[in-house]
Structure formats: C-alpha cells, structure tokens
There are 2 protein chains.
Amino acid sequence: MLTIGKLGRASGVKVPTIRYYEQIGLLPAADRSAGNQRLYTRATQERLAFIRHARDLGFPLEAIRDLLGLSDRPEQSCAEVDAIARTQLLAVEGRITRLLALKTELERMVDHCAGGTIAECRVIEVLGNHAHCSADHGRDLLTVSE
Amino acid sequence: MLTIGKLGRASGVKVPTIRYYEQIGLLPAADRSAGNQRLYTRATQERLAFIRHARDLGFPLEAIRDLLGLSDRPEQSCAEVDAIARTQLLAVEGRITRLLALKTELERMVDHCAGGTIAECRVIEVLGNHAHCSADHGRDLLTVSE
DNA sequence: GCTAATGTCTCTAGCAACTATAGGTTCAAG
DNA sequence: CTTGAACCTATAGTTGCTAGAGACATTAGC
C-alpha cells in the first residue's frame, strides 16, 4: 500500500491533485491507515496513470470519467471510446489550425517592429487596428478546454 | 456616446465582459447617464477593440494591461512591446509543437482501433499504458493561459 | 401620457482544473 | 522521545469570463 506522496511521485501527479480527483469522484475514496492517512493499491495507481496520460493528451476530466466508466465494461463495443477519442482529435486539430493563424499574425507583427519608439510600433498598431488582420481566428479559441 | 450594448455590438465583446474589464481596471470607469447607465466614447471603443484583438491573438489579460500602459507613452522605446509580443509568439509556438505531438498520438490511437470490444480497444490500452507513448508532451500544456 | 418590451444596473455564484494557504495530526528516523 | 517531514481538512485563490436574480432606465408604439 502506498501513501499519497509515494503515489504522487510514482505517477507524476501532485498530491493535492490526487485528493481533488478523489473529491470529484474520479478516484474512489481511498482506504485509510489507523491514523486516517490515505493508502493506495496498484489498481488505483493504474487508474491514476490512465487519468494522467489522458490529461496529457488534453482530454477533459468529463471525457476521462466516461472513458473510465467504459473501460470497466470490457465486453461492450468500443464505439463510444472511439467517438470520445475522435472528438478529442478534432478538438486538437481545431486548436492547431487556429494557433497557426495566430502564429502567422504574431510573426508579421514582430517582424515589422523596427525597434523604434512606441509611436511607430507595428505591434501596437496592428493590435489597435483590426483591419490589418486577415485571419479570422474564432472566438472559441479562448473557451475550448485544454 | 454609446451605451454598453451598442459598444458590445460594435466591438464584438459581450456586455458582461465589458463590465468585467472595467472591474479589473482594463477599461476606465465609464461616465454615467442621469439614470446611472454607462456611456462610452470613441476612445474607449478603440481601447476595447485593442483588447479584443489582443485576446484573439491569445495574449493574457496581464500582458494586455502592460501593452495598454506602454501604448500610453508613445515616445518611449518599443523594446518592451516587442518583448511581450515575442513572448506570446514563443508561447504560441510551444503550444503548437505540443499539440502536434498530441495529434500524432491521438491519430495512432484512433487508427488502431479496429472497432471490436472495449477489451481489445487500442484507445483504452494506450491510455492505460504510458510505455506505448513516445512523445514527451510537457505538463505545462494544461497550465499555459490561452 | 401610458404601457410593454427591452436594456441596463449591482451583486453573487459558477465554470475548469487545479494550486495555495492555514492550522492541525501522524509517522519515521535518530 | 523528539524532531521534522509528510499527512489531514477546509477554505480561498487562480484565469477569463458567463449566468442568474431582482431592481431601475429607456424607448417604441399606441
């Protein structure tokens, strides 16, 4: 049985985050020692590794909750799992597309800055004037979970 | 003088967001009508357009606060402005790099899913086993502001 | 001039996904 | 047996908004 600190080091997840996952029900309530400290099994360590890897891949916690639920029913069809992964792939592709447009515009801004005074600064000018901007970067760039 | 709703429509920023910007000091406290409603000038409209464009480009509000402060001192050197824009460019490039790695891994996962049962599902398997994962997508993907 | 609809006001709480802090308890090493 | 690290709970803070309640202001039509 591992204490929470060891589990955290083993899995690369911070201790408060593990407690948070328990609180929101992503991890089952841990067994406790005589002194009320959490004790974890290998099974929980694997579950946490799964969560961490999925988070690294950008899956939102709700999607991970679904995936964990599905992985507990191994004889069902994996269509739902596939759909969640494809949704995440689409989200990632969308973010890449928009970020590439931002990169282009930022590069234009930075490249045109001659290093003079702020009055002549292209960066400020471009930011102040939407007409200079060709790309139509969608609003939702800022709201998509990551 | 524009009311807040008209300003919002003109600038593409939602009304509560405008009030929020005032609350955190990004916009100056607006003049008020006899009935206590906010009234805006063209100058504020331009300032808001600047903020919106910078947000579209992914600048965090703190960076925008700095940029606005700098743009009020036009005879200074634009080195700081340049630095903020370059920082943002680097952040965007970093996010693109990591997202491309994620995309590769997600595509591998999805492509290998044969559509059978969950027990044989590659998606679940890959997520559960970090050893399958080649890319070292940094943790901070999830914490960087966007 | 009156009424109804829309717009605006303040204030509070909520979202994701944690992170940080305070103040206390337990455990392992020396 | 004491010290110090690790643990506990509970609450509040982070970023950038968004949503709701309940009250006041403005405007359009009649």
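Numbered from 1 within each chain, the chains take letters A, B, ... in sequence-line order.
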Nucleotide C/dT19, atom C1' - distance to CZ of A/R55 in whole Å: 14 Å

Return the value, rounded to whole Å, for the distance between atom CG of B/L39 and atom P of C/dT8. 10 Å

Does a side-chain N or O from B/R38 land closer than 4.0 Å to OP1 or OP2 of D/dA25, or not? no

Can you find a side chain N or O atom of A/Y21 that sits less than 4.0 Å from OP1 or OP2 on C/dA17? no

Assign each of B/T3 and A/Y20 to its nearest nucleotide of DNA chain C by heavy atoms, then name whichever residue's nucleotide is nearer the 5' end. B/T3

Given atom CD of B/Q23 and atom P of C/dT10, what is their separation to the nearest angstrom? 10 Å

note: A/D31, atom CG; D/dC7, atom P; distance rounded to Å ~ 16 Å

Answer yes or no: is there a donor N or O on one side and an acceptor on the other, between the side chain of B/S11 and the main chain of B/L7, under 3.5 Å? yes

A/A49 backbone acceptor or donor facing A/H53 side chain under 3.5 Å: no

Answer with base, sugar-phosphate or nothing: what part of the nucleic acid does A/R9 contact at a heavy-atom distance below 4.0 Å? nothing

Phosphate OP1/OP2 of C/dT25 contacted by A/R32 side-chain N/O (<4.0 Å): no

May I ask you to decide if A/L26's main-chain N or O and A/R47's side chain share a donor-acceptor pair within less than 3.5 Å? yes

Send over the distance from A/D56 CG to C/dC18 P, rounded to a whole Å. 10 Å

For B/R19, which contact category applies under a 4.0 Å heavy-atom criterion: base, sugar-phosphate, or nothing? base

Do B/L2 and B/Q45 have side-chain heavy atoms sitting under 4.5 Å apart? yes

Write down the distance between CD (A/Q37) and C1' (D/dA5), rounded to a whole number of angstrom. 11 Å

Validation row: B/V13, B/Y21 side chains within 4.5 angstrom (heavy atoms): yes

Closest nucleotide of DNA chain C for A/P16 versus for A/N36: which of these residues is on the 5' side? A/P16

Could you tell me the separation between the CD1 atom of B/I4 and the C1' atom of D/dT26, rounded to a whole number of Å? 15 Å

Would you indicate, yes or no, if D/dT18 has its OP1 or OP2 atom less than 4.0 angstrom from a side-chain nitrogen or oxygen of B/K14? yes

Please report the distance, rounded to the nearest Å, between CD1 in B/I18 and P in D/dT18. 11 Å

Given C/dG7, C/dT10, C/dC18, identify the nucleotide with an atom nearest to the side chain of A/L61. C/dC18

Quick check on C/dT26: is either OP1 or OP2 less than 4.0 Å from any side-chain nitrogen or oxygen of A/S33? no

